[in-house]
Protein chains: 2
Amino acid sequence: MTSSEALSHAQEILEKYLLERGLRRTEERLEVLRTIYEELTHFDADSLHRHLLERGLRISRATIYNTLDLFVSCGLVKRYAFAEGRTLYERSVGRRQHDHLICIECGHIQEFCDPQLGLVVEGVGRLFHMNPVHHDLVVYAHCQVEGCPHRSENSTFATK
Amino acid sequence: MTSSEALSHAQEILEKYLLERGLRRTEERLEVLRTIYEELTHFDADSLHRHLLERGLRISRATIYNTLDLFVSCGLVKRYAFAEGRTLYERSVGRRQHDHLICIECGHIQEFCDPQLGLVVEGVGRLFHMNPVHHDLVVYAHCQVEGCPHRSENSTFATK
DNA sequence: GTTCCTGCAAAGAGTTTGCATTGTG
DNA sequence: CACAATGCAAACTCTTTGCAGGAAC
């Protein structure tokens, strides 16, 4: 699935969701969705706000938080609580389930998939008679090479 | 290791750590450590504060946050960032590495151990040339039985 | 006596809320 | 034209900070 396919798929999901519940198809919601699907990978409310401003869109924080809640509800966006109290979001349509490896030096986030993990989660569910719905595995690690290769690029840690 | 053994072991670690760095062995630090090791499993700064008050100890929030930072630094306490922006702590001396299964209905936290998970973490580290230091796996699940068995007991979710 | 620690109150970050206004259906 | 969504500012929660007084060594 290309990224523009993911966007149009996401737009369909959104419009269907809005229609079903009598919610409104506002320009703001569409713009936020476009911005997320075109420009952002792991982001917080504030970086979404800045990206919108750079596109010439003045959308209030209240609307951003509302919209993110809406998108999480309809599965267009996932919300993560990483260490340091960071709440980060990522688009979820057209991407497969994955987990996160975070560099302790710079906060760079590497995604990874491990099919073994699904087995661990299922096993735990069986053991405690619970039905796992989702899970987050975050691995915190140091780079092996001297100096972190992502030190300059950084997004989230360095700006703290 | 019994829980009082864990406390005295934790006290030794704390005193050694303080001595090594020329930090002070204050009554507040000792009381906070005692309270955590005697009364708390998964807790936030505010519930620690309430437990201290119930013991007749008036310790300011500033000191609580300072002390928690100190205890995290010397490994006496672990800090977790769960969903909903909850920062929770738990004592770590005398307990083995474990992960968390959280009931979506009530927020009840079940601990579990799965040796497979260590292999997953190591594998990811090798793949990306990083040295994993620690990891958090949180599984969110629904109870299979009708109505959640922990619904009344709750600690963190219900009070939100 | 020096330095670290505590408590208080104020400040700060991130998020939520109330309400008047705007715009979709 | 009804009602949902937006924008703004104020409120709120959790955490951090600055500073004066107090305690450990």
ask   = Passes salt bridge (charged side-chain N to carboxylate O under 4.0 Å, His left out), B/Arg50 versus B/Glu54? Steps please.
value = CA-CA 6 Å; B/Arg50 286 195 307 272; B/Glu54 282 166 20; 5.7 Å; no

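- The shortest distance between the side-chain N/O atoms of B/Tyr65 and the OP1/OP2 oxygens of D/dT15 is below 4.0 Å.
- Taking atom CG of residue B/Leu68 and atom P of nucleotide D/dC14, one finds them 14 Å apart after rounding to whole Å.
- We find that CG of A/Leu18 is positioned 8 Å from P of D/dA5, with the value rounded to whole Å.
- Look at CD1 on B/Ile59: it is 6 Å from P on C/dG7, rounded to the nearest Å.
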message = Would B/Glu12 and B/Lys16 count as a salt bridge (charged side-chain N to carboxylate O under 4.0 Å, His left out) here? Give the steps.
response = CA-CA 6 Å; B/Glu12 283 168 30; B/Lys16 177 156 175 266; over 6 Å; no

inquiry  = Could you walk me through whether B/Tyr80 and B/His100 satisfy the ring-ring contact (aromatic ring centres under 6.0 Å, His included) test, starting with their C-alpha distance in whole Å, then the side-chain angles of each, then the deciding distance to 0.1 Å, before giving a yes or no?
reply    = CA-CA 10 Å; B/Tyr80 293 95; B/His100 298 97; 4.8 Å; yes

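- Rounded to an integer number of Å, the gap from A/Glu28 CD to C/dT24 C1' is 11 Å.
- OP1 or OP2 of D/dT6 sits under 4.0 Å from a side-chain N or O of A/Thr26.
- Between A/Thr87 and the phosphate of C/dT15, there is a side-chain N or O to OP1/OP2 separation shorter than 4.0 Å.
- The nearest whole Å value for the distance from the CD atom in B/Glu84 to the P atom in D/dC12 is 21 Å.
- In this structure, the nucleotide among C/dT6, D/dT15, C/dG25 sitting nearest to the side chain of B/Ala45 is D/dT15.
- Contact of A/Arg61 with C/dT15 (side chain to base): no donor-acceptor pair of N or O atoms is detected under 3.5 Å.
- Dashed line: the shortest gap from a side-chain N or O of A/Ser60 to OP1 or OP2 of D/dT6 is not under 4.0 Å.
- One distance of note links CZ of B/Arg91 with CG of B/Leu33; it measures 10.5 Å at 0.5 Å rounding.
- The distance between atom CZ of B/Arg29 and atom P of D/dC25, rounded to the nearest whole Å, is 10 Å.
- Residue B/Leu70 contributes atom CG, which lies 14 Å from atom P of D/dT16 at whole-angstrom precision.
- In this structure, the nucleotide among C/dG25, D/dC25, D/dT17 sitting nearest to the side chain of B/Ala62 is D/dT17.
- For B/Arg24 and D/dC25, a side-chain-to-base donor-acceptor distance below 3.5 Å is absent, hydrogens and geometry of angles not being considered.
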